[in-house]
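Note sheet for the following structure.
If you read the sequence from its start, that first residue is 1, and numbering goes on from there.
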Amino acid sequence: MKKLFVFPLCLLAFVACNDAKKAEERAQQQRDSLMQVIDEKDMELNEIMGSINEVQDGFRLINEAEGRITVANGNPEAASSREVIRENLQFIQETMKQNRDKISQLREKLRTTTINAEKLTKTIENLTKQLEEQNLRVQELQAQLAEKDVLIAEQGEQINTLNENVSDLQADNQQKQETIQAQDKDLHSAWFVFGTKAELKEQKILQKGDVLKAGDFNKDYFTKIDIRIDKEIKLYSKNAEILTNHPSGSYSLAKDAKGQYVLKITAPEKFWSASKYLVIQVK
């Protein structure tokens, strides 16, 4: 009888133990499933927060680029500044496109996520608003740059016109200066010749005892001098006679160490006042 009583008790204990083990397994499965859901939500949340951070970082980079444009805009006439403006505008446009794509991806996630959808919706709306505000600022910057390009182009045309005018004036002044210099040189130019009586006659400088009376005398036979500079003429002869008229007291005829005459013009303006041609007969 005692054995018959113990057996049912053991059977009940075995069944109870088996049920407890199954209950524990079900609880573990529930915990595992819950942890998997938590892990998935954590991954989803991390992914969403990563996207939001990337968008915010994009906004920061855009603001920095806008600041560089403002600095460069301080000297819009400089070619390098205009290049800086264009490079930064291009960077801003590319970054804005990336932000726009990421915000679109966040909207797609909003459709399927269960993570505080209301808060995520508000965050996306704020990001979209920032994007629209920056887009307006970029459009204003582009309009300002276009206006400056037009102004710079107009200024460039004016500068080119001024440069052409300056070049014309410089050329005109150069021509006038050359004319003045030539006139000044002619004004202070004189011509001299010395030669034997036969040589002077041959060149028609001396004819029938008259000097330079014929209009066809050989002018190429004379030597041109600047009366401001050339004040001595070596005659290489021990006999010399001045045939043209030149005021006395404005020159002297002196002999050098070889006994050859040298004409020294002591008062050039006075000496050449009667004639710009000097003819000397030597032997």
Side-chain angles (χ1 to χ4, degrees), residues 28-167:
Q28 183 64 39
Q29 288 176 355
Q30 290 177 352
R31 286 196 296 271
D32 291 343
S33 178
L34 181 60
M35 289 302 298
Q36 183 177 356
V37 171
I38 292 173
D39 290 341
E40 290 176 353
K41 287 186 177 296
D42 284 343
M43 290 178 60
E44 186 179 8
L45 180 61
N46 290 335
E47 185 177 352
I48 290 173
M49 291 305 300
S51 297
I52 292 173
N53 290 335
E54 288 176 359
V55 173
Q56 293 287 6
D57 191 53
F59 287 145
R60 179 183 61 79
L61 294 175
I62 290 172
N63 289 332
E64 291 177 357
E66 288 179 356
R68 289 193 295 271
I69 289 176
T70 303
V71 173
N73 203 24
N75 183 17
E77 289 78 11
S80 59
S81 295
R82 297 200 302 276
E83 186 63 26
V84 167
I85 291 173
R86 289 192 174 87
E87 288 177 357
N88 282 283
L89 276 175
Q90 182 178 358
F91 172 80
I92 289 172
Q93 290 170 339
E94 292 174 355
T95 307
M96 287 181 63
K97 182 180 182 303
Q98 294 173 3
N99 273 6
R100 192 175 291 109
D101 292 341
K102 288 170 184 173
I103 291 173
S104 297
Q105 293 171 8
L106 285 171
R107 286 199 185 97
E108 288 296 325
K109 290 182 183 298
L110 182 61
R111 297 178 182 178
T112 57
T113 187
T114 58
I115 300 175
N116 202 340
E118 182 179 352
K119 187 174 182 180
L120 181 58
T121 299
K122 188 173 182 180
T123 300
I124 293 174
E125 289 176 353
N126 289 334
L127 294 176
T128 303
K129 184 178 179 181
Q130 290 183 54
L131 186 65
E132 291 173 353
E133 290 173 352
Q134 285 190 327
N135 185 51
L136 289 175
R137 290 201 299 271
V138 171
Q139 290 177 2
E140 291 176 0
L141 288 172
Q142 289 175 323
Q144 291 174 7
L145 181 60
E147 290 177 2
K148 292 187 183 300
D149 283 342
V150 171
L151 178 61
I152 291 169
E154 291 176 351
Q155 291 176 342
E157 292 178 1
Q158 293 175 359
I159 290 171
N160 289 335
T161 301
L162 289 174
N163 287 337
E164 290 176 0
N165 292 339
V166 170
S167 297

Quick check for you: to the nearest 0.5 Å, what is the distance between [X] atom [atom1] and [Y] atom [atom2]?
X: Leu127; Y: Glu132; atom1: CG; atom2: CD; answer: 11.5 Å
X: Gln56; Y: Lys102; atom1: CD; atom2: NZ; answer: 11.5 Å
X: Ile92; Y: Asn135; atom1: CD1; atom2: CG; answer: 11.0 Å
X: Glu94; Y: Asn99; atom1: CD; atom2: CG; answer: 12.5 Å
X: Ile62; Y: Glu133; atom1: CD1; atom2: CD; answer: 12.0 Å
X: Asp101; Y: Leu106; atom1: CG; atom2: CG; answer: 11.5 Å

Check whether any side-chain heavy atom of [X] lies under 4.5 Å from a side-chain heavy atom of [Y], and answer yes or no.
X: Asp57; Y: Glu54; answer: no
X: Gln93; Y: Lys97; answer: no
X: Leu61; Y: Glu64; answer: yes

Worksheet item: Between Asn63 and Gln134, is any side-chain donor less than 3.5 angstrom from a side-chain acceptor?
Response: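 Gln134 and Asn63 do have a side-chain donor-acceptor pair below 3.5 Å.
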
Item to complete: Show your reasoning for whether side-chain contact (heavy atoms from CB on, under 4.5 Å) applies to Leu136 and Gln139.
Response: CA-CA 5 Å; Leu136 289 175; Gln139 290 177 2; 4.0 Å; yes

Practice prompt. Determine, stepwise, if the pair Glu125 / Lys129 fulfils salt bridge (Lys or Arg N to Asp or Glu O under 4.0 Å).
Written response: CA-CA 6 Å; Glu125 289 176 353; Lys129 184 178 179 181; over 6 Å; no

Practice prompt. Step by step, work out the side-chain contact (heavy atoms from CB on, under 4.5 Å) result for Gln130 and Val55.
Written response: CA-CA 10 Å; Gln130 290 183 54; Val55 173; over 6 Å; no

